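The basis for the numbers below is simple: all heavy atoms, side chains too, and nothing from hydrogens, waters or symmetry mates. We count residues from 1, following the sequence as given. Keep in mind the model is a prediction, meaning the values are calculated, not measured.
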Amino acid sequence: MEIPDKLLSFELITEQGRLFAQPVQWVDVPARTGRMTVMAGHQPFVAQLQSGPVKIVTKNGRRETWTIAGGLLKVTSQGAAVIAAEAHTV
């Protein structure tokens, strides 16, 4: 698998702190309007998230999945963050 030239700075944050913080190829989240995939260079926006899996592909191509209990996704020109009340690795 080829690694993209640009990586997305991504954080998964809960009230316990940062559970995940590193550059990723992409992240797929359970938005209220349906699944949404974000990569580097995405337009800035904020979206409400429902409970479900957050799928991450790290810069080295490793897949990681977390389950969240709803929250928010914030995408800026600097990166993306999921802010959730709870998150657990799967």
Closest non-hydrogen atom pair between K6 and A40, with its separation
CB-CB, 3.8 Å
State, to 0.1 Å, how close V90 and W66 come at their nearest heavy-atom pair, and which atoms those are.
CG2-C, 4.2 Å
Can you list the residues that meet the side chain to side chain contact (heavy atoms under 4.5 Å, CB included) rule with P53, with sequence neighbours excluded?
R35, K55, T65
Residues in side chain to side chain contact (heavy atoms under 4.5 Å, CB included) contact with S9, at least two apart in sequence or another chain:
none
Run the salt bridge (Lys or Arg N to Asp or Glu O under 4.0 Å) test against R18 and tell me which residues pass, sequence neighbours left out.
E11
Partners of E86 by salt bridge (Lys or Arg N to Asp or Glu O under 4.0 Å), sequence neighbours excluded?
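With sequence neighbours excluded, E86 shows a salt bridge (Lys or Arg N to Asp or Glu O under 4.0 Å) to no residue whatsoever.
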Is there a donor-acceptor pair closer than 3.5 Å between any side-chain N or O of Q25 and the backbone N or O of T58?
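Yes; judged by distance alone, with no hydrogens or angles, the pair exists.
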Show me the donor-acceptor pairs, under 3.5 Å and distance only, between side chains in residues 67-80 and residues at least two apart or in other chains.
unit_1	atom_1	unit_2	atom_2	d
T76	OG1	Q78	N	3.1
T76	OG1	G79	N	3.4
T76	OG1	G79	O	3.4

So with a 6.0 Å cut-off around CE of M39, is the heavy-atom count from everything else above 12?
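12 or below, so no.
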Quick check on Q16: does its CD atom have over 12 non-hydrogen neighbours (other residues, nucleotides or ligands) under 6.0 Å away?
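For Q16, atom CD is crowded (more than 12 foreign heavy atoms under 6.0 Å).
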Reported [atom1]-to-[atom2] distance for the pair [X] and [Y], which is rounded to 0.5 angstrom:
X	Y	atom1	atom2	value
R32	Q48	CZ	CD	4.5 Å
L12	Q22	CG	CD	11.5 Å
W26	L8	CH2	CG	12.0 Å

Same cluster or not: V38 versus I83, using hydrophobic residues (I, L, V, M, F, W, Y) connected whenever any side-chain heavy atoms lie under 4.5 Å apart?
no
According to a 4.5 Å side-chain heavy-atom criterion applied to Ile, Leu, Val, Met, Phe, Trp and Tyr, with indirect links allowed, do F45 and L49 form part of one hydrophobic cluster?
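Same hydrophobic cluster.
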Decide yes or no on side-chain contact (heavy atoms from CB on, under 4.5 Å) for V82 and V29, but give the supporting numbers first.
CA-CA 9 Å; V82 166; V29 298; 4.0 Å; yes
Counterpart residues, side chain to side chain donor-acceptor pair (under 3.5 Å), relative to R62 (two or more places apart):
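Once residues adjacent in sequence are excluded, the partners of R62 under the side chain to side chain donor-acceptor pair (under 3.5 Å) criterion are E64.
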Parallel, tilted or perpendicular: ring planes of F10 versus F20, cut at 30 and 60 degrees:
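Aromatic pair F10/F20 classed tilted.
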Check whether any side-chain heavy atom of I13 sits under 4.5 Å from a side-chain heavy atom of L19, and report yes or no.
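Side chain of I13 against side chain of L19, heavy atoms only: no contact under 4.5 Å found.
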